[in-house]
*Asks:* 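One structure is given below, represented as structure tokens, and several questions about it will come after.
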Amino acid sequence: MATEQPTYKVFDGHNDVLLSLRLKERGAGRSFFERSDTGHIDLPRAREGGLRGGFFAIFTPNPDPSDSFAGGFTQTENGYEVRLPQPLEQPYALQFTVGMLASLFRLAAESAGQLRIIRTADELDACLAEGTASDGPLAVVAHIEGAEAIDPALDALYVLHAAGLRSLGPVWSRPNAFGHGVQFKFPATPDTGPGLTDAGRALVRACNQLGVMFDLAHITEQGFWDVASLSDAPLVVTHTAAHALSPFTRNLTDKQLDAVRESDGVVGVIFGVGNVRADGRHEINTPLDDIVRHAAYIADRVGIDHIALGSDFDGAAIPQALGDVTGLPRLLTALQAHGFDDDAMRKLTHANWQRVLRQTWK
Ligand code: ZN
């Protein structure tokens, strides 16, 4: 495939490169600083694709493989469903999380300034202002996907925040002490279970107070509305798509999209084929146009100030036409061809995330 020069600096809503570097089955052993054919992101490929940073997820997998997406998968008459994984033990999740956070700090230390852990909006703006799309430092925001590492008294939250945590998704798609993750199911509404627990409500308030971004990807619809009625920060969903186009439980309904817009929040458009295909199938033979359709629909619904990118690189199967992070310029060209002008592209690729983080962090 022809390589296109990256034009826009991309700050992206979600990737799982830290997990990909750690787990044997995902390609552990490769170096973040050397070009590889494994996974979707490393530094040379990020540069080639114009990825200048984003939310780097710390995710704790279930220890039992039968509790994975593949392990719980059942085909249904017109789609599929995945059994909810067992809850994690908090000490296990905390230990795993500390290890992942340490791996991020080690990468930053080895990077000679090429990878920077971002803790403030000024640091983010300054980092992204340096260099071009393909040669500046990476702006990395530490994000936890699923708050199992945090005890109900929230002691670990304060320590993790002091260590650099600036974004937290209360749940992944499994239950925990704070709430209920949305079950993977297609076709189905996101209303798959209860919302926040009392501890979950305390977590929202503490994150508001500390200035930790609260990510509503993977939460049940009830949990989404619980947070919407409680939080004083803009509503944020880092990696998702439009339920109206692809009726997957992980995607947002029109009413949820409206709530994000009204809160001055942001929706990161995911590239995962299971989210963007109208038939919900996990096939990488999926045109870039499926991502463009979701971006156009969401931009129409929420307005150009409330849409961003949330790739799920190294976490989801993405279209073969994208391949890995080096395919980003092809996707951006397709978005421009669809009618996103220069101002819209600037907002979508990074400026909206910068605005929302400035409003959210303190
Ligand atoms: Zn996710």
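Just follow the structure's listing: the first ligand is 1, and inside any ligand the first atom is 1.
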*Asks:* Please confirm whether Phe184 and Trp172 have ring centers closer than 6.0 angstrom.
*Replies:*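 Yes, they do, as the ring centres are separated by less than 6.0 Å.
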
*Asks:* State, to 0.1 Å, how close Asp305 and Arg355 come at their nearest heavy-atom pair, and which atoms those are.
*Replies:*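 The answer is O-NH1, 2.7 Å.
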
*Asks:* Determine whether the aromatic ring centres of His350 and Phe11 lie less than 6.0 Å apart.
*Replies:* no

*Asks:* With 2.8 Å as the threshold, which protein atoms of type N, O or S lie near the Zn ion (ligand 1)? Leave waters out.
*Replies:*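 Listed by chain and number: Glu145 OE2, His218 NE2, His239 NE2.
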
*Asks:* What residues form a side chain to side chain donor-acceptor pair (under 3.5 Å) with Ser66, not counting sequence neighbours?
*Replies:* Asp64

*Asks:* For Ser20, which residues count as a side chain to side chain donor-acceptor pair (under 3.5 Å) partner, sequence neighbours excluded?
*Replies:*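 For Ser20, the residues satisfying side chain to side chain donor-acceptor pair (under 3.5 Å) (neighbours in sequence not counted) are Arg30.
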
*Asks:* Kindly write out the residues that satisfy side chain to side chain donor-acceptor pair (under 3.5 Å) with Arg358, not counting sequence neighbours, or none if the list is empty.
*Replies:*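 Checked Arg358 against side chain to side chain donor-acceptor pair (under 3.5 Å); matches are Asp122, Asp125.
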
